[in-house]
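Okay, structure first, notes after.
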Amino acid sequence: MSTAYLNGEYLPLSEARVSPLDRGFLFGDGIYEVIPSYNGRMVGFTPHIERMQRGLATVGINLDWSVEQWRELCTSLMKMNDMGNLGLYLHVTRGQDTTRFHAYPEGVSPTVFAFVIDIPPEQTVDRNLVKTLKVSSARDQRWQHCDIKSTALLGNVMHFQQGYAAGNNETILYNERDELTEGSACNVYVIKDGVVNTPPLDHQILPGITRLILLDILRKDGSIPVQERVIPMSEVLAADEIWLTSSSKEIAPVIMIDGKPVGSGEPGPVWEAAQKLYSANKFNY
Ligand code: PDD
């Protein structure tokens, strides 16, 4: 049984309890993070915590934890759970109220919960060994604040289920102008003629930490050009390669969209080059 953290206490996950009057339970009123770690080494710890702190401030949840307090929590959880390939799941809600009332309550302490989830091992850099993904596409039906990593994920869950029910690994989404936004739980990249294109950061997508790290690595290296720009779905369907990124996936090649092959229908050379650079540099973040 894995060890979790809840409001100041480390305890077996099966013994962790929160009240049904917790705002997280009643309203999905909370912010979360997933930080990947491999044998005790985290990827992107500081930017993950900074994104969570920005999210908490945006929704007015007041929790005065320092980055170092979060580091101590993550380090303890990795040790107590025997290292390995762990996603550190951090979850802060507005806290436990005394009734159900929409307005932010006064004088309520946030609920802080954390546990670990198994994630796949570090991504291979071999085109012949990598797990390839198939995706569905769908009109993005989520809310207007997709840049906030909210625990209210029903929109994302429903979109993920659309792809899953069709036998696919993910659903990639487009807005009312037929422009690519992101996946239900990942960011999306469209590779054409050697250039990596990805939608710009705005309210329509989560500012992924894997995205942040990947784009920084690619720009510093300079051998693979990167563009953050609006991408019509017509370009997605005509891509040479499509990739997805998230904290659990690293960079994952997509070989099929809505039952049609992407490019050659196999992981491409730009994926291999980018994943090599990512693997070589990710622990510097
Ligand atoms: N998902 N977009 C959405 C909607 C996401 O839920 C995620 C992450 C990403 C990628 O962000 P990052 O690179 O910081 O993981 C983009 C996490 C892993 C999850 O909900 O499990």
Side-chain angles (χ1 to χ4, degrees), residues 1-13 15-19 22-25 28-96 104 108-119 122 145-153 185-187 201 206-214 216-217 245-250 281-285:
M1 172 49 61
S2 69
T3 300
Y5 171 93
L6 180 62
N7 292 331
E9 197 189 342
Y10 291 93
L11 72 180
L13 178 59
E15 289 173 19
R17 298 279 180 275
V18 290
S19 163
D22 194 280
R23 299 268 306 190
F25 185 74
D29 186 355
I31 298 289
Y32 78 106
E33 272 301 327
V34 181
I35 307 177
S37 74
Y38 304 97
N39 287 318
R41 296 171 83 193
M42 292 185 278
V43 177
F45 171 77
T46 304
H48 274 284
I49 298 301
E50 286 173 352
R51 178 173 68 186
M52 184 168 59
Q53 289 178 329
R54 274 199 311 277
L56 290 169
T58 303
V59 302
I61 295 178
N62 301 312
L63 182 79
D64 58 354
W65 279 37
S66 66
V67 174
E68 282 322 301
Q69 268 172 291
W70 285 111
R71 190 188 296 279
E72 211 177 293
L73 169 62
C74 290
T75 306
S76 302
L77 278 181
M78 285 188 290
K79 279 192 190 134
M80 291 175 189
N81 289 288
D82 302 329
M83 308 293 190
N85 309 315
L86 299 179
L88 295 152
Y89 179 90
L90 313 178
H91 179 123
V92 181
T93 79
R94 201 177 300 281
Q96 178 185 335
Y104 300 174
V108 162
S109 312
T111 299
V112 180
F113 170 61
F115 76 121
V116 297
I117 50 180
D118 287 327
I119 59 170
E122 291 186 61
H145 289 295
C146 292
D147 50 329
I148 300 173
K149 201 164 171 63
S150 162
T151 58
L153 284 173
C186 57
N187 292 115
L201 294 184
L206 186 79
I209 303 304
T210 319
R211 177 189 185 281
L212 175 90
I213 295 173
L214 174 63
D216 192 58
I217 290 172
T245 67
S246 78
S247 292
S248 53
K249 288 185 175 64
E250 301 202 3
N281 293 287
K282 67 185 178 200
F283 289 117
N284 299 332
Y285 292 83

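As a basis for the values below, the full set of heavy atoms in this structure was taken, side chains included, without hydrogen atoms, waters or symmetry mates.
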Any side-chain heavy atom of Leu206 within less than 4.5 Å of one from Arg51? yes
What distance do Met80 atom CE and Thr75 atom OG1 have between them, rounded to the nearest 0.5 Å? 10.5 Å
Run Leu73 and Tyr10 through side-chain contact (heavy atoms from CB on, under 4.5 Å) and show every step you take. CA-CA 10 Å; Leu73 169 62; Tyr10 291 93; 3.4 Å; yes
Verify side-chain contact (heavy atoms from CB on, under 4.5 Å) between Ile213 and Ile217, making sure each step is shown before the conclusion. CA-CA 6 Å; Ile213 295 173; Ile217 290 172; 3.7 Å; yes
So, do His48 and Met42 sit near enough that their side-chain heavy atoms are less than 4.5 Å apart? no
To check you understand the geometry: which heavy-atom pair defines the closest contact between Ala114 and Leu77, and what is its length? CB-CD1, 3.6 Å
How close do Asn7 and Thr111 get, heavy atom to heavy atom, and via which atoms? OD1-CA, 3.4 Å
Can any side-chain N or O of Asn81 pair as donor or acceptor with the backbone N or O of Thr3 at less than 3.5 Å? yes
Find out whether Ile209 and Tyr285 are in side-chain contact, i.e. whether some heavy atom of one side chain is under 4.5 Å from a heavy atom of the other. no
Is there a side-chain contact between Trp70 and Leu88 (heavy atoms, below 4.5 Å)? no
Under 3.5 Å donor-acceptor, Asp147 side chain and Pro207 backbone: no
As an exercise, state the distance from CZ of Arg41 to CE of Met78, rounded to the nearest 0.5 Å. 11.5 Å
Nearest heavy-atom approach of Tyr5 to Gly8 is OH-N, 2.9 Å
Phe283 and Val43: side-chain contact (heavy atoms from CB on, under 4.5 Å), yes or no, with the steps? CA-CA 5 Å; Phe283 289 117; Val43 177; 3.7 Å; yes
Which value, rounded to the nearest 0.5 Å, describes the distance between Phe113 atom CZ and Leu90 atom CG? 10.0 Å
Can you check whether His145 reaches Ser150 side chain to side chain, under 4.5 Å on heavy atoms? no
Closest non-hydrogen atom pair, Glu250 against Glu122: OE2-CA, 3.8 Å
Ile35 vs Ile49 side-chain heavy atoms within contact, under 4.5 Å: yes
What do you reckon, is CD of Glu72 surrounded by more than 12 foreign heavy atoms closer than 6.0 Å? no
Min side-chain heavy-atom separation Arg211-Leu201 under 4.5 Å: yes
Please check if atom CZ in Phe25 has more than 12 non-hydrogen atoms from other residues, nucleotides or ligands closer than 6.0 Å. no
Answer yes or no: is there a donor N or O on one side and an acceptor on the other, between the side chain of Thr210 and the main chain of Ser247, under 3.5 Å? yes
Heavy-atom donor-acceptor pair, Thr151 side chain to Gly28 backbone, under 3.5 Å: yes
If I take atom CG from residue Leu6 and atom CD from residue Glu15, how far apart are they, to the nearest 0.5 angstrom? 11.5 Å
Interatomic distance, Lys149 atom NZ to Tyr32 atom OH [nearest 0.5 angstrom]: 3.0 Å
For Val34 and Gly87, which heavy atoms make the closest approach, and how far apart are they? CG1-CA, 4.3 Å
For a 4.5 angstrom cut-off between non-hydrogen side-chain atoms, does Val92 reach Glu33? no
Quick check for you: to the nearest 0.5 Å, what is the distance between Arg17 atom CZ and Asp22 atom CG? 14.5 Å
Listing, residues 55-67 side-chain donor-acceptor contacts under 3.5 Å, not counting sequence neighbours, or none:
{"from": "Thr58", "atom 1": "OG1", "to": "Arg54", "atom 2": "O", "distance (Å)": "2.7"}
{"from": "Ser66", "atom 1": "OG", "to": "Glu68", "atom 2": "N", "distance (Å)": "3.4"}
{"from": "Ser66", "atom 1": "OG", "to": "Gln69", "atom 2": "N", "distance (Å)": "3.1"}

